[in-house]
Amino acid sequence: MRKVIISDIVQQRIKELECYLVDELKLSEEAALKRSRRMRIYIASLGNPMTFHALCRFKRWRALGYRCTVFEKSWVFAYEIFDNGVIIRDMSHTATLLE
């Protein structure tokens with residue numbers, strides 16, 4: 001299993017998503033935490049050496065050499081693979097990304 005490191009940017013965005021789910025969508029804190037927990041489990045699965053995704057189709061991330069994966073059709077995670085692990089660099093809602 002490769003080591004998975006989540007950048008500060010992604011950690012902050014997941015926290016912001018939790019707050020949005022509670023404050024704006026009026027979900028319970030438990031529901032918001034459950035959703036973010038599923039995200040973190042998904043991110044951790046990128047440490048599997050058999051996991052491989054193509055370079056991002058989004059120009060900005062592709063130019064940086066990032067690979068992309070989609071979580072539950074709504075969130076895109078951009079990451080880099082190194083010999084000793086994976087770094088999750090960025091995340092965005094699919095609706096906000098442009099080609």
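Basis for what follows: all heavy atoms, side chains included, without hydrogens, waters or symmetry-related copies. Sequential numbering from 1 along the given sequence is applied to the chain's residues.
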Any side-chain heavy atom of [X] within less than 4.5 Å of one from [Y]?
X: W61; Y: R89; answer: no
X: T51; Y: R2; answer: yes
X: V86; Y: K3; answer: no

Working for side chain to side chain contact (heavy atoms under 4.5 Å, CB included), residues M39 and I6: CA-CA 11 Å; M39 281 183 148; I6 303 172; over 6 Å; no
Kindly give the heavy-atom pair with the smallest separation between [X] and [Y], and that separation in Å.
X: S28; Y: V22; answer: O-CG2, 4.0 Å
X: R67; Y: F52; answer: NH1-CZ, 3.3 Å
X: R62; Y: C56; answer: CB-O, 3.2 Å
X: V10; Y: I88; answer: CG2-O, 3.8 Å
X: L55; Y: G65; answer: CD2-O, 3.6 Å
X: W75; Y: T94; answer: N-CG2, 4.1 Å

Aromatic plane relationship, F77 with F71 - under 30° parallel, 30 to 60° tilted, over 60° perpendicular: perpendicular
Heavy atoms from other residues, nucleotides or ligands near CD of Q11 exceed 12 (cutoff 6.0 Å): yes
Within 6.0 angstrom of E72 CD, more than 12 heavy atoms from elsewhere: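 Counting neighbours around CD of E72, more than 12 heavy atoms of other residues, nucleotides or ligands fall under 6.0 Å, so yes.
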Flag yes if [X] and [Y] sit in one hydrophobic cluster, no otherwise; membership is Ile, Leu, Val, Met, Phe, Trp, Tyr, and two members link when side-chain heavy atoms are under 4.5 Å apart.
X: V70; Y: Y66; value: yes
X: Y79; Y: L97; value: no
X: V4; Y: I41; value: no
X: L64; Y: V76; value: yes
X: Y42; Y: L21; value: yes

Once you round to the nearest 0.5 Å, how far does [atom1] of [X] lie from [atom2] of [Y]?
X: R40; Y: R38; atom1: CZ; atom2: CZ; answer: 12.5 Å
X: E29; Y: E18; atom1: CD; atom2: CD; answer: 8.0 Å
X: S45; Y: M1; atom1: OG; atom2: CE; answer: 7.0 Å
X: D90; Y: S7; atom1: CG; atom2: OG; answer: 6.5 Å
X: L25; Y: C19; atom1: CG; atom2: SG; answer: 12.0 Å

Intermediate values then yes/no, side chain to side chain contact (heavy atoms under 4.5 Å, CB included), I14 and M91: CA-CA 9 Å; I14 291 173; M91 73 177 270; 3.7 Å; yes
